Structure formats: structure tokens, C-alpha cells
Chemist: 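Below you'll find the structure I mean.
Hydrogens, waters and symmetry mates play no part in the numbers below; they use all other heavy atoms, side chains included. All of these numbers come straight from a predicted model, not from anything done at the bench.
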Amino acid sequence: MSFSGDVKTELCRVGLNRRCCARAEVYGVLLYCNTFNSREIRVVTENDAFARRLPQLFKKAFHLSLPRLPEGEGKRAFVIRDPESLAVIHEAYGAEPEVLAHHVNFAVLEEPCCRAAFFRGAFLAGGSVTDPQKGYHLELETSHLHVSREVPALMAEAGFEPKETKRKSNYVAYFKRSGTIEDFLTAIGAPVAAMEVMNAKLEKSLRGGVNRRVNCDAANLDKVVEAAQSQIEAIRRLERSGALEGLADKLRETAQLRLEYPEDTLSQLAQRCDPPITKSALNHRLRKLVELAQTQGAGGTAAE
């Protein structure tokens, strides 16, 4: 099952305790489902939990005993065509059957719990959310123009600020920020899914930090290797020219140690000196060797 499917399954575990909230949730379903008009209500879903919840919702909201969705796999359609049932539903939301354009009846959504239930129904019927391991995107899609303008305003009042776009003949309100998605999922009754989004964000942050550290360490290692290679080449030039033998004992010792331990860091090489010296002192000696190789001719000598 997809992450969206998991979220919808979690939402369907929310209890149907209050009739007002059940009506609000059905309202969200109707305004974001496939068909809602005077002749037909059609809700199409692939989610088993939502399929089982729909008859319970309508029974709680309107005392209507409606058939369950047909069993099976794939998309299933929940259809209401009975004129009496349709009339009861339209009357409950103050919708006139002859009017084609739906508006949100805010009187149905006065309480915060009812608004949360409304958003839950909208998501169950017309929502989706991306797997947070892949990205952050939650959207609600409706075919009703006025609803697409009024619901985002309702969301803004609840503390959510969706962006809006149009996809073919449908209207989409969506979130891209992980924090907003977490808060929205929590508000509509999916705290477990919200926690998954949060965990995914933390994992990505941790991986990013580790990768940056690894890249930084690799870059530093490259610099160390490059510097060591330059030092070895300089020592070889001094050796070939015979200038190495004429150097001070401490410089010759440093040159010999660098040749024997080309992969050592400055700190490690400094500890191999007799007696051990500081990293700064060793670095000074190595710089002196490189300078001598660049500027002195055969037979040149120097002291540390």
C-alpha cells in the first residue's frame, strides 16, 4: 500500500462519536468526490478502510442505511441515486438541487472539530500525500470552482496556508512544507503518519550532515595527500642533487621520516621525531625542505 493509502487507513480509525462531525466529514467527501449533484452521488475509492467507512458515515450523519461498496480489488464506486436519500443529504447542507455550482456552507463547519472532520473527508475523497522518503507534497483536488476558493480560506483560518493550482478541469490546494503537512495530518486525525513525515525529515537531515562531514573529511584528506606528495617530490629533488646530505640533522631526519611514512599526518609524523616535536615545528621543517628544493642548487645547505 502507498503512503497515501496508509494515511487514509489511519484516518478511517477515527471514531464516529458526534453526528455533527460525521455530517462535516461527509460534506468534505461530497465536495471532493467524483460526482455530487441532484441526480447522483458517486464516490470512487481503492482504499478498503474508506470503503468500509462510507456506509457508517452516512448512517451516522443521516440515519440512512446505504449499501456497502462491492468487495474486490481496484477501484470501487459507492453510488446513491435514490431521490429521497439525495433530498435528505442536499437539505442537510442547504444545497439546492437545481443549482449546479456548489458553495461551502460554513454554518455546517462552525466548530473546530467539525472543520477537522470536513478536512478529513476531503482528504479521504480527493486527497493524496507523497511518501516523505521521496518528497513533501500533500494535496486536495476538487472539480468545484467555488469550493476550490472557499476551502483554502477555511484552511487559512485553521492555521494552514495552501498554495493553489489548476490541473485540467480540477482545482488543487496543496502544501509543500513538511512542517505544514505534519500539522495538517495531525489535525485531521493521522498523528502516526505525521510522525513518519517528521522522522523522514530528521533522517534526511542526519544523512545530509553525515554526507557533508564525509565530503569535508575527503577534501581534507585530499589536501593532506597532495601536500605530502609535494613534500616527497621536493625531498627527492634535494636527494638527486646531493643537497640533502648537506642539510642540518633535523631537516635530514624530517626528510627521512616523510619518505618512510608518506601517509602519516603532520601530527603522526611529529611524534616519530627523536625527540617528538610539535605539529607546527614539523610543518616548519617541511616547508623549509620544499623552499630549498625550489630555490637552491646542488650543494646548497641550510640549518633549521
Chemist: So do the side chains of E10 and P191 get within less than 4.5 Å of each other, counting heavy atoms only?
Modeler: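 In contact.
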Chemist: Run the numbers on V44 and R76 for side-chain contact (heavy atoms from CB on, under 4.5 Å), then give the verdict.
Modeler: CA-CA 5 Å; V44 179; R76 286 164 286 169; over 6 Å; no
Chemist: I'd like to know whether CD of E233 has more than 12 heavy-atom contacts from other residues, nucleotides or ligands below 6.0 angstrom.
Modeler: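 Yes, the 6.0 Å shell around CD holds more than 12 heavy atoms from other groups.
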Chemist: Quick one: ring pair (Phe, Tyr, Trp, His ring centres under 6.0 Å) partners of Y174, sequence neighbours excluded?
Modeler: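 Scan of Y174 (ring pair (Phe, Tyr, Trp, His ring centres under 6.0 Å), adjacent residues dropped) gives H137.
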Chemist: How long is the span from the CZ atom in F119 to the CG atom in L185, to the nearest 0.5 Å?
Modeler: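 Atom-to-atom, F119:CZ and L185:CG are 13.0 Å apart.
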Chemist: Applying the side chain to side chain contact (heavy atoms under 4.5 Å, CB included) criterion to T254, which one of R285, Q231, K288 satisfies it?
Modeler: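 Among the candidates, only R285 passes.
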Chemist: Using the side chain to side chain contact (heavy atoms under 4.5 Å, CB included) definition, which of the options R120, E110, E157 pairs with R115?
Modeler: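 Checked R120, E110, E157 against R115; only one passes side chain to side chain contact (heavy atoms under 4.5 Å, CB included): E157.
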Chemist: Please tell me if the side chains of V26 and Y93 come closer than 4.5 Å, counting only heavy atoms from C-beta onward.
Modeler: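 Side-chain contact under 4.5 Å: yes.
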Chemist: Taking only Lys NZ, Arg NE, NH1 and NH2, and the carboxylate oxygens of Asp or Glu, determine whether R236 and E239 approach each other closer than 4.0 Å.
Modeler: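 Answer for the salt bridge query: yes.
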Chemist: Compare all side-chain heavy atoms of F118 with those of V108 and state whether any distance is below 4.5 angstrom.
Modeler: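 A side-chain contact under 4.5 Å is absent here.
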Chemist: Closer than 4.0 angstrom, basic N to acidic O: yes or no for D48 and K8?
Modeler: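 K8 and D48: not salt-bridged.
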Chemist: Test of understanding: clusters of I, L, V, M, F, W, Y form through side-chain heavy atoms closer than 4.5 Å, transitively. Do V147 and F106 belong to the same one?
Modeler: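 Yes; F106 is reachable from V147 via cluster members.
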Chemist: Under a single-linkage definition using a 4.5 Å side-chain heavy-atom cutoff for Ile, Leu, Val, Met, Phe, Trp and Tyr, are V14 and F58 assigned to the same hydrophobic cluster?
Modeler: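 In one cluster with V14: F58, no.
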Chemist: Using modelled atom types and a 3.5 Å cut-off, is there a donor and acceptor pairing between side-chain atoms of N47 and backbone atoms of G5?
Modeler: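 Yes; at least one donor-acceptor contact below 3.5 Å.
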Chemist: Could you check whether R18 pairs with E111 (Lys NZ or Arg NE/NH1/NH2 to Asp/Glu carboxylate O, under 4.0 Å)?
Modeler: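 A salt bridge is absent here (no side-chain N lies under 4.0 Å from a carboxylate O).
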Chemist: Heavy atoms, side chains only, cut-off 4.5 Å: are T45 and K75 in contact?
Modeler: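 Counting from C-beta outward, T45 and K75 never come under 4.5 Å.
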Chemist: What's the spacing between L257 CG and Q271 CD if we round to 0.5 Å?
Modeler: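 Answer rounded to 0.5 Å: 11.5 Å.
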Chemist: With the side chain counted from C-beta on, respond yes when V29 and F50 share a heavy-atom pair under 4.5 Å apart, and no when they do not.
Modeler: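 Side-chain contact under 4.5 Å: yes.
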Chemist: Are L247 and L259 connected, step by step, through hydrophobic side chains (Ile, Leu, Val, Met, Phe, Trp, Tyr) whose heavy atoms are closer than 4.5 Å?
Modeler: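 Hydrophobic grouping puts L247 with L259.
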Chemist: Quick one: does T9's side chain get under 4.5 Å of R13's, heavy atoms only?
Modeler: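 Answer yes - side chains close enough.
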Chemist: Between E25 and A22, is there a donor-acceptor pair closer than 3.5 Å when you use the side chain of the first and the backbone of the second?
Modeler: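 Checked: no pair found.
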Chemist: Hey, what do you get for CG (L286) to NE2 (H284), rounding to the nearest 0.5 Å?
Modeler: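 So the CG of L286 and the NE2 of H284 are separated by 10.5 Å.
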Chemist: Please determine whether side-chain contact (heavy atoms from CB on, under 4.5 Å) holds for the pair V7 and L11, giving the CA-CA distance in whole Å, both sets of side-chain angles, and the decisive distance to 0.1 Å.
Modeler: CA-CA 6 Å; V7 173; L11 291 175; 4.2 Å; yes
Chemist: Are the charged groups of R149 and E164 less than 4.0 angstrom apart, N to O?
Modeler: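 Looking at E164 together with R149, the answer is no, because their closest N to O distance does not fall below 4.0 Å.
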Chemist: Which distance, rounded to the nearest 0.5 Å, do you find between the NZ of K168 and the OG of S143?
Modeler: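 Rounded to the nearest 0.5 Å, the NZ-OG separation comes to 14.0 Å.
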Chemist: If you draw the axis of the six-membered ring of Y261, does the NZ or CZ of R272 fall within 45° of it and under 6.0 Å from the ring centre?
Modeler: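 Pair R272/Y261 counts as cation-pi.
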Chemist: Ring centres under 6.0 Å, that's the criterion: do H90 and F36 meet it?
Modeler: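 Ring centres of F36 and H90 closer than 6.0 Å.
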Chemist: Side-chain contact, heavy-atom cut-off 4.5 Å: Q56 with L16?
Modeler: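 They are in contact (side-chain heavy atoms under 4.5 Å apart), so the answer is yes.
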Chemist: Around atom CD of E84, are there more than 12 heavy atoms from other residues, nucleotides or ligands closer than 6.0 Å?
Modeler: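 Atom CD in E84 is not crowded, with 12 or fewer foreign heavy atoms closer than 6.0 Å.
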Chemist: Between T142 and L31 (side chain of the first, backbone of the second, donor and acceptor by atom type, cut-off under 3.5 Å), is there such a pair?
Modeler: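 Yes, the answer is positive, given that a donor and an acceptor are paired below the 3.5 Å cut-off.
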Chemist: Just checking, K163 and F175: is the charged tip under 6.0 Å from the six-membered ring centre and within 45° of the axis?
Modeler: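 Output no; distance or angle outside limits.
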Chemist: Taking only residues two or more places apart in sequence, or in another chain, which ones meet F160 in a ring pair (Phe, Tyr, Trp, His ring centres under 6.0 Å)?
Modeler: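 With neighbours one apart ignored, the set is F184.
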Chemist: Quick one: does Q256's side chain get under 4.5 Å of I235's, heavy atoms only?
Modeler: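 SC-SC contact between Q256 and I235 ruled out.
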Chemist: Is it true that E141 and R167 have a side-chain N and a carboxylate O under 4.0 angstrom from each other?
Modeler: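 Salt bridge present between E141 and R167.
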Chemist: Counting only N and O atoms by type, is there a donor-acceptor contact under 3.5 Å from the side chain of T180 to the main-chain atoms of K176?
Modeler: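 It does not hold such a pair.
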Chemist: Is L282 reachable from I232 through a run of I, L, V, M, F, W or Y residues, each pair having side-chain heavy atoms under 4.5 Å apart?
Modeler: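 Cluster IDs for I232 and L282 match.
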Chemist: Which of these, I181, V197, L138, sits in a side chain to side chain contact (heavy atoms under 4.5 Å, CB included) with P132?
Modeler: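 It is V197, the one option of I181, V197, L138 that forms the side chain to side chain contact (heavy atoms under 4.5 Å, CB included) with P132.
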Chemist: In this structure, would V104 and Y171 fall into the same cluster of hydrophobic residues linked by side-chain contacts under 4.5 Å?
Modeler: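 No, separate clusters.
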Chemist: Nearest 0.5 Å, what's the CD1-CG distance between I277 and N283?
Modeler: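 That separation rounds to 10.0 Å.
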Chemist: Is any NZ, NE, NH1 or NH2 atom of the basic residue among K134 and D131 found under 4.0 Å from an Asp or Glu carboxylate oxygen of the other?
Modeler: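 Looking at D131 together with K134, the answer is no, because their closest N to O distance does not fall below 4.0 Å.
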Chemist: With rounding to the nearest 0.5 Å, note down the distance linking CD in E253 to CZ in R258.
Modeler: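 One finds 13.0 Å between CD of E253 and CZ of R258.
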Chemist: Between C12 and L124, is a side-chain contact (heavy atoms from CB on, under 4.5 Å) present by the stated rule, with each step listed?
Modeler: CA-CA 9 Å; C12 289; L124 286 169; 3.9 Å; yes
Chemist: Below 4.0 angstrom, N of the basic side chain to O of the carboxylate: do E182 and K201 qualify?
Modeler: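 Salt bridge: yes.
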Chemist: Do any N or O atoms from the side chain of R19 and from the backbone of A61 form a donor-acceptor pair under 3.5 angstrom?
Modeler: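 Yes: the side chain of R19 pairs with the backbone of A61.
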Chemist: side-chain contact (heavy atoms from CB on, under 4.5 Å) between V129 and Y136: does it pass, once the steps are laid out?
Modeler: CA-CA 8 Å; V129 59; Y136 305 117; over 6 Å; no
